[in-house]
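Below is one structure; the comments refer to it alone.
As a basis for the values below, the full set of heavy atoms in this structure was taken, side chains included, without hydrogen atoms, waters or symmetry mates. Here is the naming used below: chain letters follow the sequence lines, and residue numbers restart at 1 for every chain.
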Amino acid sequence: MTLSPAARFALRAVMALGLAVIYVPLLVVLVNSVNADRAFGWPPSGFTGRWWSQALDNEGAREAVLTSVKAGLGATALALVLGTMAAFAVARYRFFGREAVSLVVVLPIALPGIVTGIALSNAFQVVLKPLGIGLGLFTVIVGHATFCVVTIYNNVLARLRRTGTSLEEASADLGADTFQTFRYVTFPNLRSALVAGALLSFALSFDEIIVTTFTAGPGAETLPIWIFSNLFRPNQAPVVNVLAAALIVLSVVPIWIAQRLSAGARTVA
Amino acid sequence: MFSPMPASAVRIRDLRKTFGAVEAVAGVDLDIADGEFFSMLGPSGSGKTTVLRMIAGFERPTAGTIELGGRDVTGLAPFDRDVNTVFQDYALFPHLDVLRNVEYGLKVRRVPRAKRRERALEALRSVRLDGMGARRPAELSGGQRQRVALARALVNEPKVLLLDEPLGALDLKLREEMQVELKAIQRRAGITFVFVTHDQEEALTLSDRVAVLDRGRIEQVGTPAEVYERPATAFVAGFVGTSNRIGGVCVRPEKIDVDTEPGAAPADADQHGAEPRGTGSGDRHAMGTVAEVVYAGAATRFVVDLESGERVVALQQNLRTSSMDVMRHRGARVRISWHSAHEFHVPDARS
């Protein structure tokens with residue numbers, strides 16, 4: 001396609017503007033987390049690590065980070081098991097309702113978080129309360145797992161479809177039983193897809209707020225919830241900035257690694 | 001009736017396989033002898049690959065039995081059968097290097113590390129891939145991957161080696177080299193080879209015996225000479241080479257001599273040498289007109305319309321003729337001749 005120089009310039013400008021709208025505010029957060037001026041005057045009068053050490057000393061913030069990490073790991077572990085199994089079922093077997101299962105598994109990621117949140121909250125009240133299980137970390141993990149499953153499922157399914165069954169046939173042909181085939185052939189070829197899916201899943205869980213609001217009890221305050229509830233307290237503003245900066249880094253890095261992993265796997269396979 | 005027979009390497013009885021409404025294999029009986037190079041030849045969809053996959057154990061037969069070395073394996077999983085397969089797409093493990101690919105069968109059968117390394121290296125040597133052990137499959141050429149697949153199967157010393165169009169992905173030159181190599185390896189190892197191909201020349205070149213398949217059935221089993229010179233059915237006659245129907249009989253193109261009509265061209269000695277002709281001594285003759293001349297380097301194809309209305313193809317070696325000589329004959333009146341000994345009969349329609 002040939003574009004006139006003017007069109008090319010215009011398109012470049014629009015793209016630059018679009019990216020700026022997204023990334024400049026993020027950059028401001030990162031800079032403010034080390035801004036020496038308490039009122040975040042611009043440009044920064046100087047840089048300081050005071051807010052970071054203050055945030056590290058903040059009991060509530062530390063708790064919240066820990067809770068978020070636990071929730072992310074728990075939801076990812078649950079999603080790894082369920083998502084992988086579902087992907088195998090859909091990719092390798094033919095059964096009644098296969099297409100429906102495929103849709104139903106993916107749907108939660110499209111569902112508005114508030115709907116998932118309210119529905120899960122109601123269900124937990126009805127089903128878990130009588131069993132003596134209240135809202136807490138466990139319910140957050142289950143709530144997050146509903147959409148974390150999707151990332152694992154999609155990654156594994158794509159990999160299974162791309163590699164096909166010929167490698168597994170070759171393995172069986174060479175004398176490997178079903179377990180050996182999984183251990184030596186299927187799993188190694190799946191590993192990077194699992195890691196990519198798990199990183200995405202962790203990142204999704206780590207910054208989730210809506211479903212969390214409805215499924216977390218008073219004892220399970222995740223980082224995004226803590227930030228949200230401290231957002232409008234002026235004396236906590238520097239700490240919020242630091243945590244926001246930390247969240248950015250923690251969310252971006254896994255996604256970046258996940259992307260590199262899927263890209264790498266494509267060129268190798 | 002009950003003379004004791006040595007157990008065949010592969011014995012198949014009334015083998016059937018249906019996929020939904022499609023009958024891919026419709027009743028196949030085969031006896032493949034120990035140490036034989038046996039080919040299954042047929043067009044795509046003839047069921048040859050399905051038969052192979054049932055021997056390997058990847059597909060469960062709808063009906064029928066498969067015996068390997070006298071043992072019924074019909075219900076056994078692939079890993080419980082003493083056969084190995086060379087796949088069309090090689091199916092090398094991309095995450096393992098060449099040596100580990102070759103070692104794989106020994107590893108899962110718990111052969112000690114030192115022993116299996118030694119055997120794998122020897123297998124790689126036997127396919128002339130020494131020193132390639134550390135490479136990944138992705139770093140190899142097509143021909144090298146082919147040989148790794150072969151080594152990976154042969155290292156297990158199976159009773160029967162199944163080959164599913166193993167040369168299909170190679171270019172012509174490499175394919176011909178690998179054909180020679182395959183035959184040599186088979187002779188050296190003394191393993192029964194069951195070779196699936198749609199290339200009739202490949203099947204005729206390599207095999208001790210050939211089974212020609214069409215639409216899930218075996219049309220004929222025989223030596224390459226039998227299948228080529230005495231095809232049992234019209235399908236075999238047409239699929240294994242070209243056949244010409246003249247009157248009630250069939251004749252292969254290379255058995256037909258083409259001679260310019262006596263008197264049509266002056267037959268002086270010099271020009272005589274440049275005529276596209278064989279001995280012309282056949283005891284059967286027909287007159288016709290050359291409709292098309294296809295020059296193909298070593299040989300020329302003459303498409304001749306006979307006076308009877310039939311169209312035949314005659315293949316003449318370009319022993320002393322050039323492309324200029326043969327091209328002159330387009331539209332010429334010719335006399336074709338052949339030997340009655342080279343005629344064969346095939347049933348008109350399939351039953």
Handout entry: A:E169 vs B:R53 side-chain heavy atoms within contact, under 4.5 Å
Key = yes

Handout entry: Point-to-point distance, once rounded to the nearest 0.5 Å, from CZ of B:F93 to OG1 of A:T163
Key = 12.0 Å

Problem - CZ-OH distance between B:R100 and A:Y184, expressed to the nearest 0.5 angstrom - result: 12.0 Å

Exercise for the section: Could you check which of A:N189, A:L174, A:V185 has the highest count of heavy-atom pairs closer than 4.5 Å to chain B? Expected result: A:L174

Problem - Heavy-atom pair with the smallest gap, counting every atom of B:D89 and A:S166 - result: OD2-OG, 3.7 Å

Exercise for the section: May I ask you to check whether over 12 heavy atoms, not counting those of B:K183, lie within 6.0 Å of atom NZ? Expected result: yes

Problem - Minimum heavy-atom distance between B:P94 and A:L167, given as atom pair plus value - result: CD-CD1, 3.6 Å

Completion exercise
Closest non-hydrogen atoms of A:A170 and B:R152, given as atom of the first, atom of the second and distance, are CB-NH2, 3.6 Å

Exercise for the section: Evaluate whether atom CZ of B:R188 has more than 12 neighbouring non-hydrogen atoms of other residues, nucleotides or ligands under 6.0 angstrom away. Expected result: yes

Exercise for the section: Look at atom CZ of A:F179 and say whether more than 12 heavy atoms of other residues, nucleotides or ligands are closer to it than 6.0 Å. Expected result: no

Fill in the blank from the handout: Answer key: most heavy-atom pairs under 4.5 Å with chain A among B:A77, B:A56, B:P78 is B:P78

Exercise for the section: Take atom CZ of B:F19 as the centre, draw a 6.0 Å sphere, and report whether it contains more than 12 heavy atoms from other residues, nucleotides or ligands. Expected result: yes

Practice task
May I ask you to check whether over 12 heavy atoms, not counting those of A:F138, lie within 6.0 Å of atom CZ?
Solution key: no

Practice task
Tell me, for B:N84 versus chain A, whether the close heavy atoms (under 4.5 Å) come from the side chain, the backbone, both or neither.
Solution key: both

Practice task
Kindly give the heavy-atom pair with the smallest separation between B:R109 and A:G175, and that separation in Å.
Solution key: NH2-CA, 3.4 Å

Problem - Residue part contacting chain A, namely of B:L92, when any heavy atom lies under 4.5 Å - result: backbone

Handout entry: Minimum side-chain heavy-atom gap A:D173-B:F79 below 4.5 Å
Key = no

Practice task
Would you indicate whether A:R98, at its atom CZ, is surrounded by more than 12 heavy atoms from other residues, nucleotides or ligands within a distance under 6.0 Å?
Solution key: yes

Practice task
Go through the atoms of A:S171 and report whether side chain, backbone, both or neither lie under 4.5 Å from a heavy atom of chain B.
Solution key: both

Fill in the blank from the handout: When the 4.5 angstrom heavy-atom criterion is applied to B:R110 and chain A, the contacting part is side chain

Handout entry: Minimum heavy-atom distance B:Y104-A:Q180, with the two atoms named
Key = OH-O, 4.0 Å

